[in-house]
Amino acid sequence: KYLIRTKDGQMLWRNDPCGRMMDLGPARNDVICKRVLFPSSAFDCPTLRHMVIYEMSILTFSSEKTFQGAIKRLPYLVSLGVNAICMMPPTQDTHAECWGYDPISLFALHRQFGTPDDLRELVLSCHKIGIACIMDWVPNHMAADSILNDFDMPGSHLYFYPDARRDTPFGTRLDCRKPQVSDYILRSARMWLEEYGFDGLRVDSTGTLRSVNAHEPWSGKDLIEAWELMQALNDMAHSLSPPRFTIAEDLMHNSRINDTAGFDSQWDANFFTQIFRICVTLEDCNRDMDLLASVVSSTFTGICTDRVIYTESHDTVASTCSHRFPEAIEEGAEYFTAGSPAVKRSIVAATILMTSPGTPMILMGQENLERRSAVWPYPPEVDYLVDDPLRQAVYAKYAALIRLRRNLDGAASGLCGTGICLSHINNGDKVIGYHRYSHYGPGDDVLVIANFANRDLIDYRLGLTRDGRWRIRFHSDLDKTPDDSLQWIIMATRIQRDGLPFSLVISLPPYSAIVLSRELPGRVNSLSVT
């Protein structure tokens, strides 16, 4: 530690504000470690358009609760098919076992997880198997026992605002009016990118960072210095070699986060809110297909990659919030079956997630029907070793959707494109259909159909923008497995419907979703859809 002699003769022991690691003892001494740049590699980071993100905590991703333990579990992510992880904050937290959102340092990593070399090895291991690494970075507040508190004397506000702007719902806010403090924050971001090789940053609660009254971020009164900080952050990230991307968690549905602050993307909380409401509501008659259509097709700036979409996140599954999707749909159910509304509607929601414009993200455990909520400060729990055929079947559906979303079989490039046509909205029968495309044509055109009602719809006709031969690539029912056979092919006909020149007829089971793509006559595809 540093020993600081104050003007009045006090002797203060203080941590290095830029120290990379602390020990585990109560004294919280700094550990001297070598500072090295992340080794250059040939890793080709997927673009946001082609990315599927897995939000995870080091603490509960492996039984070891460490960076090294996470490396051992990476084959699980390869099998699932995701190509990016969003790591909940690895910074030193005030709690030993935690989410990571109470940082006491912006530079030191959480000692319980391992060493700087361990973290670099984890990122390198991810890159070797084609997985990008996003760090959840928390510059908007510091924990009550931050190493920056009273740094130069008791009662000092050297790093923090001296007035009410210091207060946030989560902790004390750094005073980025001071060039030394804003530079300190930016150097933290640059360190995580350059020394640990993170490909992008997810910036926590920019609403808290930028709002004069952090308790009411919707008030519209902002800190100009915070906007300058966000712009400088994005300029820095984009100027690195290779360039890094940035994602904001603003949650105010504010397009200025993209086009003024300069973030590449931001979390779309409205997507979660409306999908959750539509799926969880008890009565089918209250499921609003017009509302669903609006959130499926929404963007912030007209660019499909300007938003990250999700149906679960670490924020939404906390025990004080909305809970896990299956538990929210059938709260307190003793067990689930393949026909349970919780199972069927969860998979329908996942289908909408993976086929809507935006960068899809799932929360750890979502893919195997995890229903336990997280209790602060402990992160989401996941049982990865469970031997349950139902949960394994749900996992297989997620893997199939992710494979389809990434167009790994070359049959659905439209899901990575920008185009969407809301071709069918039936609020009476609770059915929605939409066409995704990039450049049109076989292998590109994708049709998504979802039935949000608890009844069979036999020989259901809906309009299409394109004719030809359509093959079912995904079916949400656990007992339906599309393959290369002719039974999964549907021919569009020149019968007008929904104001469109073509249509097809299909059967929709209760609470189901089906994804089709157009193919050339006689084409046989190599599928791995389950």
Do [X] side-chain atoms and [Y] backbone N/O form a donor-acceptor pair below 3.5 Å?
X    : Y    : answer
T316 : E312 : no
D477 : K480 : no
D444 : H439 : yes
S512 : N451 : no
R405 : V52  : no
R345 : C279 : yes
D467 : A492 : no
R49  : T305 : no
T66  : F113 : no
R471 : D483 : yes

Evaluate the ring planes of H127 and F43, with Trp represented by its six-membered ring, and classify them as parallel (under 30°), tilted (30 to 60°) or perpendicular (over 60°). parallel
Geometric class of the H435/Y440 ring pair [parallel <30°, tilted 30-60°, perpendicular >60°]: tilted
Considering residues, nucleotides and ligands other than Q487, do more than 12 of their heavy atoms fall under 6.0 Å from its CD? yes
Could you tell me whether D44 atom CG has more than 12 heavy atoms of other residues or ligands within 6.0 Å of it?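 12 or below, so no.
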Those residues at least two apart in sequence (or on a different chain) that pass side chain to side chain donor-acceptor pair (under 3.5 Å) with T351 are none
I'd like to know whether the aromatic ring centres of [X] and [Y] sit less than 6.0 Å apart in this structure.
X    : Y    : answer
Y395 : Y76  : yes
F38  : F198 : no
F276 : F325 : yes

Take M51 and M361, measure what side-chain contact (heavy atoms from CB on, under 4.5 Å) needs, and give me the verdict at the end. CA-CA 9 Å; M51 189 177 288; M361 180 185 76; over 6 Å; no
Under 3.5 Å side-chain donor-acceptor pair for [X] and [Y]:
X    : Y    : result
Y54  : E367 : yes
N234 : T246 : yes
S62  : R73  : no
Y434 : T355 : yes

Qualifying residue for side-chain hydrogen bond (donor to acceptor under 3.5 Å, both in side chains) with Y101, from D204, D136, D315, T91: D136
side-chain hydrogen bond (donor to acceptor under 3.5 Å, both in side chains) with Q266: which of D250, T206, N254, N258?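 Between Q266 and the candidates, side-chain hydrogen bond (donor to acceptor under 3.5 Å, both in side chains) is satisfied uniquely by N258.
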If every non-hydrogen atom of [X] is compared with every non-hydrogen atom of [Y], which pair is closest and at what distance?
X    : Y    : answer
A338 : L478 : CB-CD1, 3.7 Å
P357 : I420 : CD-CD1, 3.9 Å
K430 : D284 : CE-O, 3.2 Å
Y384 : G365 : OH-N, 4.3 Å

Taking E519 first and then R473, would you say they form a salt bridge - that is, a charged N and a carboxylate O separated by under 4.0 Å?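 A salt bridge is present here (some side-chain N lies under 4.0 Å from a carboxylate O).
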Apply side-chain contact (heavy atoms from CB on, under 4.5 Å) to the pair L404 and M354, showing each step before the final yes or no. CA-CA 8 Å; L404 198 60; M354 290 295 168; over 6 Å; no
Positive for side-chain contact (heavy atoms from CB on, under 4.5 Å) with L508, one of L462, V431, I458, D459: V431
Suppose the criterion is side chain to side chain donor-acceptor pair (under 3.5 Å): which pairs have a residue in residues 288-304, not counting sequence neighbours?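 Every pair satisfying side chain to side chain donor-acceptor pair (under 3.5 Å) with a residue in residues 288-304: T301-D306.
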Is the NZ or CZ atom of R371 positioned over F336's six-membered ring, under 6.0 angstrom from the centre and within 45° of the axis?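 Yes, cation above the ring, under 6.0 Å and within 45°.
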